[in-house]
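Here is the structure we will look at, set down as structure tokens.
Whatever order the structure lists ligands and atoms in, that order sets their numbers, starting from 1.
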Amino acid sequence: MERVILIRYGEIALKGENRRDFEVALKRNIEQSLKGLEGITIRRARGRFFVEGPGLERNSEADALDRLSRVPGVVSISPCRMVPNDVEQIAEAAKEIMGEFIGTNRPPVHGSLSGGLERKNAKTIAFKVASKRAWKGFPLTSPELDAKIGSFLLRTYPELVVDVHNPSVTLGIEVREDGAYLYSKEIPGPGGLPAGTAGKGVLLLSGGIDSPVAGYLAARRGIRVLALHFWSYPITSQRSRDKVVDLVRILRRYDSCIRLYVAHFTEIQTRIMEKCPEKLRVVVMRRMMMRVAEAFALKEGALCIVTGENVGQVASQTLESLRAIEEVTTLPVIRPLACFDKRETVELARKIGTYETSCLPYEDCCTVFVPRHPATKPGLEDTRAAERALDIEELVAKCVSNIEEVPID
Ligand code: ATP
Ligand code: MG
């Protein structure tokens, strides 16, 4: 009996070449995610990946499961026992798995207050067996195997009852050519596409709540994220930069290839302060960010810009503002959160683990420069006129040439 982790992956619609690319990238990303765990190998077999090896036995199974549950493209994972395709051995493995489940989920025995029937129910665990015969050479059909193993388990454990509609535990059995895989847990993964399969994108990453979530969603859609942070030292502090480093560290748990770049933005912001009308400062600043991001994207071979913008939340994110911002780039601007409610974004931020860090109070360049009454509907003509006092080309070129990559340990 061998310990194995079974990985299910998705996007059933993918065919031919696309599917192969998907699988190659997913395997590479799975390997990356398990880096540092010794004695583990990854094998692919007909629509599944398997993680196996002596390393799993040495207590690293929980760690491996935790890491795998975050890899984009993974639909779900199950820690399994693998045995040869032999009914006796399958029954033995079923006994062991259900024994473990009962051991950790033993039903409480209530005192005399509960009536007879309730008391009986409280002592039972409802289960079912769900077999899948992926290898047709196996002598029993799936319903036959379900019945055989189910009745064996009923005889073995008196606390079990069968409930095929509402079981508290399902014993899965996947019969494949190389053996049978048994499991009682199916842990959901993020789904989506393996990071990197869609090409690169530049993520505008602030220290706020939204853009890290946008970065996660982009990575989950196959985009290899190059995070670009605009930093206005000393107007904004070293701590605001460290916060972004921490955010990238968290995002790297989903895609360890995410990179962080810092663009020094102080000069551009200062010029905007000096030369542009207060009301239009924010939209001009965003346009400058877009220009720098586009030039950087072209340099790095990235195909899109990703932001955490949302329709209508603040003055700089009305449709009029978004239009004025987008005017300066020909790259697709992807806004994964465009139509989210804040509540939904916060929920996702909590789930992926960025929320707490995002809430730390260090100021961002935007917060520092936001005028009291920004234009909520900046016209294109007014905006273009507002920037005429800037030497845009020179400022952008200088900013791009000073972008530095920040190593993340
Ligand atoms: P966030 O929570 O991501 O900061 P927000 O709702 O606070 O978003 P803004 O601060 O107006 O909105 O920023 C809109 C978007 O512009 C951000 O989601 C981010 O993509 C980008 N952005 C803002 N500030 C920066 C920055 N300093 N560096 C990089 N990108 C930025
Ligand atoms: Mg912000």
Per-residue contact class, N310 against ligand 1 - non-hydrogen pairs under 4.0 Å: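 Looking at N310 and ligand 1, no heavy atom falls under 4.0 Å.
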
Could you see which bit of L228 sits under 4.0 Å from ligand 1, with heavy atoms only: side chain, backbone, both or neither?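 It is the backbone that gets close, since no side chain atom is under 4.0 Å.
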
N/O to N/O below 3.5 Å, does that happen between [X] and ligand 1?
| X | result |
| --- | --- |
| K342 | no |
| P212 | no |
| M289 | no |
| S211 | yes |

Which ligand 1 atoms does [X] reach within 4.0 Å, using its non-hydrogen atoms?
| X | value |
| --- | --- |
| L205 | 28 (N), 29 (C), 30 (N) |
| S316 | 11 (O) |
| T307 | 20 (O) |
| L204 | 19 (C), 20 (O), 21 (C), 29 (C), 30 (N) |
| G208 | 1 (P), 2 (O), 4 (O) |
| I209 | 2 (O) |

Consider only side-chain N and O atoms of T124 and E159, and report whether a donor and an acceptor are under 3.5 Å apart.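 E159 and T124 do not have a side-chain donor-acceptor pair below 3.5 Å.
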
Verify whether one side chain among Y9 and E23 offers a donor that lies under 3.5 Å from an acceptor in the other.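 Y9 vs E23: donor-acceptor pair found between side chains.
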
Output field: ring centroids Y181/F50 closer than 6.0 Å: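 Aromatic pair counts; centres sit under 6.0 Å.
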
So, Y233 versus F265, ring centres under 6.0 angstrom or not?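 When the ring centroids of Y233 and F265 are compared, they turn out to be at least 6.0 Å apart.
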
Check the angle between the aromatic planes of Y216 and Y254 and answer parallel, tilted or perpendicular using the 30° and 60° thresholds.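 Y216 and Y254: perpendicular rings.
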
A student comparing E309, Q269, R286, R335 should find that the heavy atom closest to atom 13 (O) of ligand 1 comes from R286

Give a yes or no on whether a salt bridge exists between R384 and E381, defined as a side-chain N under 4.0 angstrom from a carboxylate O. yes

May I ask you to say whether R291 pairs ionically with E294, meaning some side-chain N is under 4.0 Å from a carboxylate O? no

The criterion is salt bridge (Lys or Arg N to Asp or Glu O under 4.0 Å); which residues satisfy it with R43, sequence neighbours excluded? E52, D178

Pairs in or reaching into residues 394-409: which pass side chain to side chain donor-acceptor pair (under 3.5 Å), with residues at least two apart or in two chains?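 The answer is R241-E404, R249-D409, R259-E405, H264-E404, E267-K398.
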
